[in-house]
Student: 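The structure that follows is given in the form of structure tokens.
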Amino acid sequence: MNDLLGLERMVLFTPEVLVDLHGRLNGDLWPLHVLTLALAALLLARAWWARPADEPFAGCVMAGFWLWLGIGYFTNARAEVDWMAPYVAAAFILQGALLTWFGVVRGSLDFTAARPMPRGMGALLALFAIAGYPLLAWVFGAETAALPSVGLLPGPTVLFTLGVMLMARPSWVLIVLPLSWAIVGAALGWVLGMWADLALLISAGAVLSGRGYPSRWSPDRR
Amino acid sequence: MAGGLVTKPIPNSGEAVPVIGMGTSRTFNVGSSPRLRDVRTAVLKTFLQMGGRLIDSSPMYGSSEAVIGYGLTKLGADAPKPFAATKVWTPSVSGGPEQMADSERLWGGRTFDLMQVHNLVEWRGHLETLQRWKAEGRVRHLGITTSHGWRHEEFADVMTDPFAVPLLDTVQFTYNILDREAEARLLPLAAERKLAVIANRPFRRGQLFGHVAGKPLPGWAANIGCANWAQVMLKFIVSHPAVTCAIPATTRVDHMAQNMGALTGPMPDAALRRRMVADVESL
């Protein structure tokens, strides 16, 4: 178990280094956190109450988050300590492109399609990403300066995206990469002893079970 | 022994190295953080001041080489000169010289005492390049590495390959008190071929301390001058006749000081080594 997925051999940095990196990044980016949190909260509120059938705003916000993580976080910041970062960056940039195409251009984020159960699970997951995950990280000993914030660091952003995906019920194409990172991120959390990241695994389970529900418009509703 | 410090020679050159070196995988990969770079510089300073010389790194270890270079520069010319060992780690043979030149720059413009082919990646092509570099005086010793008990059969094949044999000075693989697969083939082969052995993962990335946590040191530890489990584990490794040095890695000055304690005092004989294994395995 200590060499989960062979990651022990590949993770060549310590939790201390990641915390330091996140702390320095948070310092450099402040007060951008206010904007990303506001955008995430607005997206969630619109998805819950307005329930638009074609929501380019959600696609736009999430594409921005994923592109930032691919280019700004993994390529520019994390790559200095993580030799895998450039490869992960490519996946995050691809997800950003997919969100732009399907979420903004094609308008395939439909917040009317999900049934109440997965919709509620998705909203809870997104809310957890915004507020609960940073709190959990703090409880597990993360320094305040290094607390993860949605839109700026991968953990909460992936959780938030998976929550929104449960609410919007898009094609699997938009879910595969966040789901994959949720599993890899949880394994990394295990290897590094960053226990808050195990929430990613729970979110992956929630998405797989929630996505198993048929759409509100599927034939069994008749 | 030199000045009370236990050293062993690299058979091909006769150059003696202290039996406790320093690994940098994970521990020195701190990126550009000024605070953490200074902490690692203090670790490096302790290592050199307490008689350590061999520092092992790799381009795979992220910013480790840059952090070593930062530390060595900060310690200045008065600091003891390290035995600089790194690796070439690229699947592109033609990219090897560029990567090694980059390592030289990161370490502060240093000629490497040892260049190793990391994890046997394109070992034949890289050794051809390194043969030229050695002839030109750009590197002094050549080696190959593996870790985690990976590919021991292939590793042994390289150690006996007619092309590689005359080129190799050192081999590096995992050996510690609980991971002793190397005793079956690689260590005897290294002794037979007169190759220096660098033992990596001496604490199994710290997991061995979990194995002995809360357990008192056995009575025999004092007989070999060990004041803590780190020294017991290191003396077990370097007392193997075929092992030249072990390369523990740490982020802390106090742990470095503990590790370097294994560089002095008596070493266990064969009988005690057997008892050490039995006692540690029974914990």
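Reminder, nothing fancy here: chain letters follow the sequence lines and each chain counts from 1. Values below: every heavy atom of this structure, side chains too, minus hydrogens, waters and symmetry copies.
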Student: Picking from B:A66, B:S147, B:S33, which has the most non-hydrogen pairs under 4.5 angstrom with chain A?
Tutor: B:S33
Student: If the test is side-chain contact (heavy atoms from CB on, under 4.5 Å), which one of B:S25, B:S63, B:S64 qualifies with A:L12?
Tutor: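 In the set B:S25, B:S63, B:S64, the residue that makes a side-chain contact (heavy atoms from CB on, under 4.5 Å) with A:L12 is B:S25.
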Student: Under 4.0 Å between a side-chain nitrogen and a carboxylate oxygen: does that hold for B:R40 and A:E16?
Tutor: yes
Student: Mind checking whether A:V81 and B:V30 have side chains closer than 4.5 Å, heavy atoms only?
Tutor: no
Student: Please tabulate, for side-chain N and O atoms in residues 83-95 of chain A, each donor-acceptor pair with protein atoms closer than 3.5 Å (sequence neighbours left out).
Tutor:
{"from": "A:W83", "atom 1": "NE1", "to": "A:M10", "atom 2": "O", "distance (Å)": "3.0"}
{"from": "A:Q95", "atom 1": "NE2", "to": "A:L174", "atom 2": "O", "distance (Å)": "2.9"}

Student: Considering non-hydrogen atoms only, spot the tightest contact between B:R205 and A:V11 and give its length.
Tutor: NH2-O, 3.2 Å
Student: What donor-acceptor contacts under 3.5 angstrom involve side-chain atoms of residues 65-73 of chain A, with partners at least two apart or in another chain?
Tutor:
{"from": "A:W66", "atom 1": "NE1", "to": "A:T161", "atom 2": "OG1", "distance (Å)": "2.8"}
{"from": "A:W68", "atom 1": "NE1", "to": "A:L152", "atom 2": "O", "distance (Å)": "2.9"}
{"from": "A:Y73", "atom 1": "OH", "to": "A:H22", "atom 2": "NE2", "distance (Å)": "2.6"}
{"from": "A:Y73", "atom 1": "OH", "to": "A:R78", "atom 2": "NH1", "distance (Å)": "3.0"}

Student: Residue by residue, scan residues 82-93 of chain B and write down, ordered by number, those that have a heavy-atom distance under 4.5 Å to chain A; if none do, write 'none'.
Tutor: B:W89
Student: Take atom CD in B:E181; do more than 12 heavy atoms of anything else shown fall under 6.0 Å from it?
Tutor: yes
Student: Under the side-chain hydrogen bond (donor to acceptor under 3.5 Å, both in side chains) definition, can you give me all pairs with a residue in residues 128-150 of chain A, not counting sequence neighbours?
Tutor: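 Applying side-chain hydrogen bond (donor to acceptor under 3.5 Å, both in side chains) to every pair that reaches into residues 128-150 of chain A, excluding sequence neighbours, yields A:Y133-A:D197.
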Student: For B:R26 versus A:P15, what's the shortest heavy-atom pair and its separation?
Tutor: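 Scanning both residues, the minimum pair turns out to be NH2-CD, 4.2 Å.
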Student: Got a sec: does the CD of B:E153 have more than 12 other heavy atoms crowding it under 6.0 Å?
Tutor: no
Student: As an exercise, state the distance from CG of A:D20 to OG of B:S32, rounded to the nearest 0.5 Å.
Tutor: 8.5 Å
